[in-house]
Amino acid sequence: MSSDRTGLGRPPAPAVEVDDRLTEQWPDARCELDFTTPFELLVATVLSAQTTDVRVNQVTPELFRRWPGPAGLAAARQEELEQVLRPLGFFRAKATSLRGLAAALLEEHGGDVPADLDALVRLPGVGRKTANVVLGNAFGIPGITVDTHVGRLARRLGWSTEKDAVKAERDIAAVLPRERWTMACHRLIFHGRRVCHSRKPACGACVLADLCPSYGVGETDPEAAEALVKLPE
DNA sequence: ATCCCGAGGG
DNA sequence: CCCTCTGGAT
């Protein structure tokens, strides 16, 4: 049938209804990185790769106390920066990356964070995901952040079949109203972390079950109801 | 063992 | 497409 664009045997879940339900279930969904300026969010997001936001929030106060802006960070000593970033993992790469990012901000943007997707992505160490996080959460410009959760849920919901994040972003943009983009991604991430897990999703505890073309597909978590109770935060 | 809201390079 | 960079929590 033509409504089955998912290869899942059922039509895609209606995006606005999905977002409304997730809004109700996760009213506190938001950016969980602590920041006060676009610069701080940019740095925190770069640091968040393969680490929890909680851990990033544990190092950024010290980081921004020692190096409050791009000028200081660009001039930071590598070893000193590495020590502060050590708990995050990838600390050598992240220290190098931050210094390069700070230098590029100074040289190319006078120390300001550009409020523009293409300009952000051109900065070293800034990919599309980071750029969209900064746009959406520091500048209020709608952005779709396709991380591992958003990509997986978009595929399960039948919004996209793409593994490639840029293509998935295009597909999500086609079904979700622009003004919802930023917050809908936070909700999808919350839902992905708590219910729609990568392995054995808790379909039995999912408020989207009746809408989801992937409901019951593959192995699901039999203790779904309990899993929801002991979820973090 | 496996998982964390990734990016750059081969 | 794959691999690497890395540590801490569970």
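Letters go in sequence order (proteins before strands), and every chain restarts at 1.
Ionic pairing of Asp20(A) and Arg187(A) is not present here: no N-O contact between side-chain nitrogen and carboxylate oxygen is shorter than 4.0 angstrom. A salt bridge links Glu62(A) to Arg66(A): one of the charged nitrogens lies within less than 4.0 Å of a carboxylate oxygen.
Following rounding to the nearest Å, Lys129(A) (NZ) and dC4(B) (C1') show an atom-to-atom distance of 11 Å. One can place CG of Leu101(A) at 14 Å from C1' of dG8(B), the figure rounded to the nearest angstrom. dA9(C) atom C1' lies 15 Å from atom CG of Asp53(A), rounded to whole Å. Atom CG of Leu85(A) is separated from atom C1' of dG8(C) by 15 Å (rounded to the nearest Å). Look at CH2 on Trp26(A): it is 14 Å from P on dC5(B), rounded to the nearest Å. Atom NZ of Lys94(A) is separated from atom P of dC4(B) by 14 Å (rounded to the nearest Å). Rounded to whole Å, the distance from CD1 on Ile189(A) to P on dC4(B) is 12 Å. Atom CZ of Phe90(A) and atom C1' of dG8(B) are 12 Å apart (whole Å).
dC5(B) and dT10(C): their P atoms are spaced 13 Å apart (whole Å). Rounded to whole Å, the separation between the P atoms of dG9(B) and dT6(C) comes to 15 Å. Nucleotides dT2(B) and dC3(C), compared at atom P, are 15 Å apart to the nearest Å.
Comparing Leu123(A) and Thr51(A) by the nucleotide of DNA chain B whose heavy atom lies nearest to each, the residue mapping closer to the 5' end is Thr51(A). Between Ser198(A) and Gly127(A), the residue anchored nearer the 5' end of DNA chain B, judged by the nucleotide with its closest heavy atom, is Ser198(A).
For the residue pair Glu79(A)/Gln83(A), the side-chain donor-acceptor check at 3.5 Å is not satisfied.
Between dT6(C) and Arg92(A), a contact under 4.0 Å exists linking OP1 or OP2 to a side-chain N or O. For dG6(B), one of the phosphate oxygens OP1 or OP2 lies less than 4.0 angstrom from a side-chain nitrogen or oxygen of Gln50(A). Using a 4.0 Å cut-off, some side-chain N or O of Arg193(A) falls inside it from OP1 or OP2 of dC5(B). Within the structure, a side-chain polar atom (N or O) of Arg199(A) is placed less than 4.0 Å from OP1 or OP2 of dC3(B). Between Arg55(A) and dA9(C), a side-chain N or O to OP1/OP2 separation shorter than 4.0 Å is present.
Checking dC4(B), dG6(B), dT6(C) against every side-chain atom of Phe91(A), the shortest atom distance belongs to dT6(C). Closest approach to the Arg86(A) side chain among dG7(C), dC4(B), dT6(C) is made by dG7(C) (side chain taken as heavy atoms from C-beta onward).
Distance alone, capped at 3.5 Å, places no donor-acceptor pair between the Arg92(A) side chain and the Glu82(A) backbone. Within the 3.5 Å criterion, the main-chain N or O of Cys196(A) finds a donor-acceptor partner in the side chain of Arg152(A).
Taking the side chain as every heavy atom from C-beta outward, Arg156(A) and Leu208(A) never approach each other to under 4.5 Å.
Residue contacts for Val126(A): at a heavy-atom cut-off of 4.0 Å it reaches the sugar-phosphate backbone alone, with no base atom in range.
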